[in-house]
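Side-chain atoms are counted along with the backbone in the values below, which use heavy atoms only and exclude waters and symmetry mates. Order of the sequence lines fixes the chain letters, A, B, ..., with proteins taken first and strands second; residue numbering starts at 1 for each chain.
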Number of protein chains: 2
Amino acid sequence: MEISNLYKHHPRHYVSVDCIIFGFNGEDLKLLCIKRSFPPEMGKWSLMGGFLGENESIDEAAYRVLEELTGIKHVFLEQLQGYGSVNRDPAARVISLAYYALINPGEYKDAISPHFSAKWFTLGQVPELVFDHNEMVDKALRRLQRRCKTQPVGFELLADRFTLPQLQKLYESIFRMTYDKRNFRKKILSLGILQKLDEKEKETSKKGAYLYRFEKTKYDDLMKRGIHFEI
Amino acid sequence: MEISNLYKHHPRHYVSVDCIIFGFNGEDLKLLCIKRSFPPEMGKWSLMGGFLGENESIDEAAYRVLEELTGIKHVFLEQLQGYGSVNRDPAARVISLAYYALINPGEYKDAISPHFSAKWFTLGQVPELVFDHNEMVDKALRRLQRRCKTQPVGFELLADRFTLPQLQKLYESIFRMTYDKRNFRKKILSLGILQKLDEKEKETSKKGAYLYRFEKTKYDDLMKRGIHFEI
DNA sequence: CCAAAAGTGTTCAGCTTACACCCATGA
DNA sequence: TCATGGGTGTAAGCTGAACACTTTTGG
């Protein structure tokens, strides 16, 4: 048998990717949703998604979908898992691969395509979404929490330079807790992966807070030596 | 447009499931592989897999594939993630959803279908597998380690009744470490989810070791009260 | 000068880790 | 009786959590 015909008796399926896009505005963790202007479920809130093409990997498809909405490449993007209930999409059988992305909304706010009627929702105030998208969001949040505990992905949600109070608010909104600022600073600085700058950010206070930068090289060193950090 | 025709301009893909089947023989953590008796890559070692049917969910497909090989239902099975590089399968574009399963090989050793030339490999001695299957196994092992740290899934790899030395060996083989037995017993018993039986297992020692049973109700109570345990 | 946010150390409790000897029994 | 694996307690160090006051400066 021709190699290309080996599987021809098996069914084929539509495959899509759906993106859970997280952002942080300095106060709350946010989710970017779109208002569907196309059937099925037209007019309802939804995650941004798209169908998998013939010649792109699923990761490439996720990046493409993300770029169609936000105009940006090179963001943190990680696959969650596949969703494949038979009737999850009323229009047809579709296997969807959920990805979650972390972006800094401030940096890209003008890039988000108006074509999709996108809107940021505070986590906890996310509306009912189509299909199984709410389930995906819940799972993505738990994954984000876990990632933030063992890897420095939180920084993806902040600008290049950030203050410790900003970082603390980010962690507090991700984990829906409050932390003692002395303990938080002690812990985060003890990791030795932040570089203190000589500059202060003075927009949110009169005194001003020192800016820091995440030092990827120091983090990579730690990882090479097998040290996993916890926050 | 007819709802069933909404997606007709999008490509469709073969979708498969692949199962990483872990077992524990009392000494080592094992992986169940099959020798492919069919193309492509005939004769090579592979994970057990199968194509997704028209009217089954991906979870159902994974259970079906697992049952075809092992003859068993109702085992621990969890999805890892999807794999979708364009050329991961030389025969055709196939999107695969990887699942990992935990079984107690002793209980099912006669049920494993001889049709697939299956063999248990000790982790660390797994041969080169077809496609991206080695990558899936690595990922599954890391997921298993994480699961075992926060949920009592290790018990899935043991018989209903087990001794503490057996349990310790299991954890040691999963995490490739050794533990101090006093500390291990203290920690595991302090969780309060094990029921000590009056019976001893005397096959591996003259003195005999007490048998224990995992008490799911106690564990569920803990979970309800929001206590996540760590081992 | 005062309101508002940034920055700073110490103490205590609980947990983790290290560590050594006796017990029961089949051969 | 002895070899083999099962079972037990304690002390030290470390980590995480609780806690209050001073500093800076724009308005």
Asker: Can Arg64(A) and Glu67(A) be counted as an ion pair, charged N to O under 4.0 angstrom?
Answerer: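 Looking at Arg64(A) and Glu67(A), the cut-off is not met.
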
Asker: Taking the side chain as everything from C-beta on, heavy atoms only, tell me whether Lys35(B) gets closer than 4.5 Å to Phe116(B).
Answerer: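 Answer no - side chains too far apart.
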
Asker: Measure from CD on Glu203(A) to C1' on dA6(C) and round the result to the nearest Å.
Answerer: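 Taking atom C1' of dA6(C) as the reference, CD of Glu203(A) is at 16 Å.
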
Asker: Across the strands shown, which category fits Thr163(B) at heavy-atom distances under 4.0 angstrom: base, sugar-phosphate, nothing?
Answerer: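 Nothing, no heavy atom under 4.0 Å.
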
Asker: Any salt bridge linking Asp138(A) with Arg142(A)? Criterion: basic side-chain nitrogen under 4.0 Å from a carboxylate oxygen.
Answerer: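 Answer for the salt bridge query: no.
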
Asker: I need a per-nucleotide contact map over nucleotides 14-27 of chain C, read 5' to 3'. Cutoff is protein heavy atoms under 4.0 Å; write B for the base, S for backbone only, - otherwise.
Answerer: ---BBBB--BBBB-

Asker: When the distance from CZ of Phe184(A) to C1' of dA17(D) is rounded to whole Å, what number comes out?
Answerer: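 Those two atoms, CZ and C1', are 15 Å apart.
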
Asker: When the distance from OH of Tyr212(B) to C1' of dG7(D) is rounded to whole Å, what number comes out?
Answerer: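 That distance rounds to 9 Å.
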
Asker: Nearest whole Å is fine: how far is dG5(D) P from Glu27(B) CD?
Answerer: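 Spelled out: CD on Glu27(B) to P on dG5(D) is 10 Å.
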
Asker: Is the shortest distance from a Lys or Arg side-chain nitrogen in Arg143(B) or Glu78(B) to a carboxylate oxygen in the other one below 4.0 Å?
Answerer: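 Answer for the salt bridge query: yes.
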
Asker: Salt bridge check, Glu172(A) against Lys169(A): does any charged N sit closer than 4.0 Å to a carboxylate O?
Answerer: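 No, no charged N to carboxylate O under 4.0 Å.
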
Asker: Over 60° means perpendicular and under 30° means parallel, so tell me whether Tyr171(A) and Phe175(A) are parallel, tilted or perpendicular.
Answerer: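 If you compare the ring of Tyr171(A) with that of Phe175(A), the planes turn out parallel.
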
Asker: Between C1' on dA18(D) and OH on Tyr179(A), what's the gap in Å once rounded to a whole number?
Answerer: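 Nearest whole value for this atom pair: 16 Å.
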
Asker: What's the CG-C1' distance between Leu164(B) and dT8(D), to the nearest Å?
Answerer: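 Going from CG in Leu164(B) over to C1' in dT8(D) covers 12 Å.
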
Asker: Which whole-number value in Å describes the distance from Leu189(A) CG to dG9(C) C1'?
Answerer: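 Roughly 14 Å, once rounded to whole Å.
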
Asker: Can you tell me how far P of dT8(D) sits from CD1 of Ile188(B), to the nearest Å?
Answerer: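 Rounded to the whole Å, the gap is 15 Å.
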
